[in-house]
Amino acid sequence: MKVTVKLFAAVRDIVDQCEVMLELEDHATLEMLRAKMSEKYPPLRPLLPQTLFAVNAQYVPDSTPLEENSDIAMIPPVSGG
């Protein structure tokens, strides 16, 4: 299945895109998506352990199953003051 992931802040800067489309196996979980992002975009690896994902406007755990039409957002850690 194909999923589109919206990117924000540092993640968007690293990938240099506001969203990416990825091919995942059917019945993939958010954990599988995280692994695919690490594989496809190695510079993201340091951020991935602290990055949150929202699916359909809800923060969800890595065990969450994904659907092709899900609204997925990748939100990196926020810093500043």
Under a 4.5 Å side-chain heavy-atom rule over Ile, Leu, Val, Met, Phe, Trp and Tyr, are [X] and [Y] clustered together?
X: Phe8; Y: Leu52; result: yes
X: Leu24; Y: Ile72; result: yes
X: Ile75; Y: Leu33; result: no
X: Val20; Y: Ile14; result: yes

Checking Val5 against Glu19 for the side chain to side chain contact (heavy atoms under 4.5 Å, CB included) test, could you report, in this order, the C-alpha distance in whole Å, the side-chain angles of both residues, the deciding distance, and whether it holds?
CA-CA 5 Å; Val5 182; Glu19 65 181 33; over 6 Å; no

What's the spacing between [X] [atom1] and [Y] [atom2] if we round to 0.5 Å?
X: Met37; Y: Leu30; atom1: CE; atom2: CG; result: 11.0 Å
X: Met32; Y: His27; atom1: CE; atom2: NE2; result: 10.5 Å
X: Cys18; Y: Leu7; atom1: SG; atom2: CG; result: 7.5 Å

Can you list every salt bridge (Lys or Arg N to Asp or Glu O under 4.0 Å) pair that touches residues 48-76, not counting sequence neighbours?
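Applying salt bridge (Lys or Arg N to Asp or Glu O under 4.0 Å) to every pair that reaches into residues 48-76, excluding sequence neighbours, yields Lys6-Asp71, Arg34-Asp62.
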
Does atom CD of Glu31 have more than 12 heavy-atom neighbours, drawn from other residues, nucleotides or ligands, at distances under 6.0 Å?
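Atom CD in Glu31 is not crowded, with 12 or fewer foreign heavy atoms closer than 6.0 Å.
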
State, to 0.1 Å, how close [X] and [Y] come at their nearest heavy-atom pair, and which atoms those are.
X: Pro77; Y: Thr51; result: CD-OG1, 4.1 Å
X: Pro46; Y: Gln50; result: O-OE1, 3.1 Å
X: Ala9; Y: Pro76; result: CB-CG, 3.8 Å

Hey, is the main chain of Ser38 close enough, under 3.5 Å, to the side chain of Arg45 for a donor-acceptor pair?
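Pair found, side chain donor or acceptor close to backbone of Ser38.
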
Whether the side chain of Glu23 engages the backbone of Met1 through a donor-acceptor N/O pair (distance < 3.5 Å, no angle test) should be reported.
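Checking the backbone N and O of Met1 against the side chain of Glu23, a donor-acceptor pair under 3.5 Å is found.
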
Under the side chain to side chain contact (heavy atoms under 4.5 Å, CB included) test against Leu66, which residue among Thr29, Val55, Val60 passes?
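The residue from Thr29, Val55, Val60 that satisfies side chain to side chain contact (heavy atoms under 4.5 Å, CB included) with Leu66 turns out to be Val55.
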
What I'd like to find out is whether the side chain of Leu48 reaches to under 4.5 Å of the side chain of Met74, using heavy atoms alone.
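Yes, at least one pair of side-chain atoms sits under 4.5 Å.
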
